Undergrad: 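Input: one structure, supplied below.
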Amino acid sequence: MKKILFLALLALVSCKQSSQSEMDRFVDDLMGRMTLQEKLGQLNLLPGGDINTGAAIESQVGELAANGQLGGVLNIKGLDKIKALQEVAVEKSRLGIPLIFGQDIIHGGVTVFPIPLAQACSWNMEAIEEAARIAAKEASAFGINWTYSPMVDVALDPRWGRIAEGGGEDPYLTGLVGQAMIRGYQGDYGKENVMACVKHFALYGAAEAGRDYNTVDMSRWRMFNQYLPPYKAAMEAHPGSVMSSFNVVDGIPATANHWLITELLREKWGFDGFLVTDYASINEMSTHGLGGQKECSVRALKAGTDMDMCSEAFIKQLEPCLAEGLVTEKEIDEACRRVLEAKYKLGLFEDPYRQIDPKRLETDLYTDAHRKAARNMAAETFVLLKNEGQLLPLQRKGTIALVGPLAHDRSNILGCWSTADEPARYSTLKEAMERCVGDSARVLYAQGSNFCADARLQAACAFNRPVERVDDKQARAEALRIAAQADVIVCAMGEMAEQSGESSSRADLNLPDVQMALLQDLVATGKPVVLLNFAGRPTLMGWEKEHVTAILNVWFGGSETGDAICDVLFGTKSPCGRLTASIPQSMGQIPLYYNRLNTGRPVPDDADGYRQYASNYLEVRNGPLYPFGYGLTYSTISYSDMKVEGNQASVTVANTGSRDAVEVVQLYIHDLAAQTARPVKELKGFQRVALKAGEKRTVAFDITPQMLSYYDAEGNEVIEPGEFDIMIGKSSADCDLLHAPYVLQ
Ligand code: BGC
């Protein structure tokens, strides 16, 4: 402890008040006293073994920390454990440099918020920032000071399970979500904050065929316009760190891509934090075919990588590489400096035990305020896709049959990547519904089916969340028996939590066989059926759209899902979520996204029938089943009077129904003629507007030059004079949009 006090004294003032030069002086002094092995130690990040997010790795973290050969630990759980390890680093190592502790706090801590894709569907940046702030507060209460979030990978392919972890298909919206999360996590690096890590840099969401870790290959022009903008936007919020991605970019693994990490991220975009690899990705470079650990370490360091997650490559290889002149001391120093700067910003030199306060375990986790925020946010993420005959909201009367494998489950409803969840503390939907209706209505419950007929697949997706198998035939009979007594049937169906997220690509996005058979039998009863679709991605719902009375897409809403669903189902709240990823009609349309190019032979999305020598399919229309930006409410909203005057576009939005509502007014722009082909429309602005029943408002957007710009293949921003089509409306579908021209002189 003496050593650390000495270091802290050198810092002179607290981290918050420190200027850049004080940090520089502090780090200079410290590095002046470090040996090469100690410097390499700072680049070494190893797992604590409590959560597995890759192949399990045996690591002697205690011994390494004592020898100053460890910079940080990830996936370690338990405040006592974290404290003990920090003590080893601070008390036993020669210089007493504290460790940084990382974990995937992706959507909350013990209070679990909706998965990021769902959060994006709220289009509510204040709520997203607040969710991240709460997540940081909880994570820091259990000893974590670094989170591997936000993921800002644009994903156009719902087969890719990790679409659940990002903002969807739109670069602009995904960037805003990332910025909000960074603000929420990092705050001013106080005790209740954590450092953000923007990932996965870059293009990870473009894995071919939606298969995780697969090849990525695209033009620079596409990168700059469609995939890179969210990472660039995230840099404006000054994240402390960035994680590189597993995939290749221009044939070179991102982990060792000098153009990506140094030229673009640092030099062009000005990123000044540290860059960590993804899990064992230096070692995976060998599997990509780039040579042995030694060559790969050299290439990763030279590309601009600072911290090596789980490869133990830098610590083992770089000393001999330096001796052989393959790397320079300057390169090692730069990486070490960036890691030390991060620890300085986090205030760890001032107090290595900043986030170690057992009292906070009692006061800061799963509080009423956190639960309330999670419940409110979850309700805002649900997207009402269909509501025939205004079946919803339901009345609290009569008999409700609640059916489906997600109806009485407290673990799968959370979604993937809830690394700090405590399911025993959460309610199932059944429990929440019984509470909500009290004595006014009767709730009958039956599971109705397994998740899927294939027991092996179900078991594979159940790790950490065991699900008992039932006899499908008997379960279905029981469901039909209670359905016969009901006035309305509510089905809680869809994916298991671990069917999305990392390493969970799917080749078939239809509702699994046994659930579909059950749903069809329930619909055949002729009673009104509400489908609550649980999903970590857009799933196929062609049959459901045609036959089910009402569909609420609830994604995975986190720990307060049950109550939040009841809030919307029974009308305490009106649904206001809007899709941020298109729902395709068929697997064959994937990848499907609204901001596509026109092509030379376009066919309108809603055109019926096959046209010769045009860009369409033989079997289905081009358009999605439900478009980007789409979502209904319990009221009716009308748009009129759209105009562009000067540099302002405006529209009148009226709530013509009898219930209050929140409308997401969306602005899209089409550049009609440019030096390169431009998308048919791109989201450039939106406003969430609360409208009381009968209320009318004018909503205005300033048209800024930035909204009209695009990138050339070198990544330069281009603004060309000419004509633009300005569109405002309730979704990206043409039929929902009003237009007016705008001319940039
Ligand atoms: C994932 C990252 C994650 C890391 C650490 C990797 O397998 O790709 O997103 O942050 O593990 O848990």
Side-chain angles (χ1 to χ4, degrees), residues 44-57 59 61 71-77 100-109 115-117 132 135 139 144-155 160-167 178 181-182 185 194-207 210-214 216 230-231 234 239-249 253-255 273-285 287-288 305-312 415-421 463-464 498 500-505 536:
N44 195 21
L45 174 67
L46 287 171
D50 298 311
I51 308 164
N52 275 341
T53 57
I57 292 167
S59 56
V61 282
V73 177
L74 78 153
N75 296 345
I76 176 169
K77 268 183 133 171
I100 188 170
F101 292 96
Q103 191 172 317
D104 294 278
I105 301 296
I106 308 295
H107 51 114
I115 55 167
L117 178 63
I144 296 300
N145 43 35
W146 184 28
T147 179
Y148 304 127
S149 172
M151 181 187 108
V152 296
D153 305 325
V154 163
W160 191 54
R162 301 200 81 169
I163 194 172
E165 298 172 52
M181 288 184 175
I182 295 165
Y185 291 135
V194 297
M195 185 169 273
C197 185
V198 172
K199 69 190 190 186
H200 305 82
F201 193 62
L203 321 179
Y204 185 29
R211 207 182 71 215
D212 210 359
Y213 319 119
N214 202 8
V216 170
Y231 308 102
S241 66
V242 167
M243 184 187 295
S244 50
S245 55
F246 288 122
N247 53 281
V248 294
V249 172
T255 316
F274 76 105
L275 185 127
V276 64
T277 71
D278 204 342
Y279 199 101
S281 70
I282 299 182
N283 287 346
E284 282 183 21
M285 282 174 64
T287 322
H288 275 283
T305 296
D306 301 315
M307 200 178 225
D308 162 6
M309 183 197 289
C310 299
S311 288
E312 289 187 283
C416 58
W417 281 119
S418 47
T419 54
D421 59 19
F463 67 94
N464 295 334
E498 302 295 343
S500 57
E502 187 171 0
S503 176
S504 297
S505 296

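Numbers here are sequence positions counted from 1. Numbering of ligands and ligand atoms starts at 1, following listing order. All values reported here derive from a predicted model rather than from experimental measurement.
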Undergrad: Do me a favour and list the nearest non-hydrogen protein atom to atom 10 (O) of ligand 1 with residue, atom name and distance?
TA: Asp104 OD1, 2.6 Å

Undergrad: Which atoms from ligand 1 have a heavy atom of Phe246 less than 4.0 Å away?
TA: 7 (O), 8 (O)

Undergrad: Within the 4.0 Å heavy-atom shell around Tyr279, which atoms of ligand 1 are there?
TA: 6 (C), 7 (O), 11 (O)

Undergrad: Show which atoms of ligand 1 fall inside a sub-4.0 Å distance from at least one heavy-atom site of Leu74.
TA: 5 (C), 12 (O)

Undergrad: Would you say Lys199's side chain and Tyr148's backbone share a donor-acceptor pair under 3.5 angstrom?
TA: yes

Undergrad: Test your reading of the model: is there a side-chain donor-acceptor pair from Ser245 to the backbone of Ala254, 3.5 Å cut-off?
TA: no

Undergrad: Okay, side chain of Asp278, backbone of Ser281: is any donor-acceptor separation there less than 3.5 Å?
TA: no

Undergrad: Could you list the atoms of ligand 1 found under 4.0 angstrom from a heavy atom of Glu502?
TA: 1 (C), 6 (C), 7 (O), 8 (O)

Undergrad: Going by side-chain contact (heavy atoms from CB on, under 4.5 Å), Leu275 matches just one of Cys197, Ser244, Ser241. Which one?
TA: Ser244

Undergrad: Give the numbers and elements of all ligand 1 atoms closer than 4.0 Å to a heavy atom of His200.
TA: 2 (C), 8 (O), 9 (O)

Undergrad: Taking only heavy atoms of Lys199 into account, list the atoms of ligand 1 that are under 4.0 Å away from them.
TA: 2 (C), 3 (C), 9 (O), 10 (O)

Undergrad: Determine whether the side chain, the backbone, both or neither of Glu165 has a heavy atom under 4.0 Å from any heavy atom of ligand 1.
TA: neither

Undergrad: Has ligand 1 got any nitrogen or oxygen that is less than 3.5 angstrom from a nitrogen or oxygen of Asp278?
TA: yes

Undergrad: Side chain or backbone, does Arg162 bring an N or O within less than 3.5 Å of an N or O on ligand 1?
TA: yes

Undergrad: Would you check if Pro47 and Cys310 make a side-chain contact, meaning some heavy-atom pair closer than 4.5 Å?
TA: yes

Undergrad: Using atom types as modelled and distance alone, determine if a side-chain donor or acceptor of His107 lies under 3.5 Å from a backbone N or O of Cys416.
TA: yes

Undergrad: Is Ile51 touching ligand 1 with its side chain, its backbone, both, or neither, if touching means heavy atoms under 4.0 Å apart?
TA: neither

Undergrad: May I ask you to check if ligand 1 and Tyr148 share an N or O to N or O distance below 3.5 Å?
TA: no

Undergrad: In the protein, which heavy atom is nearest to atom 11 (O) of ligand 1, and how far is it?
TA: Thr53 OG1, 3.3 Å

Undergrad: Which bit of Met151 gets closer than 4.0 Å to ligand 1, counting heavy atoms only: side chain, backbone, both or neither?
TA: neither

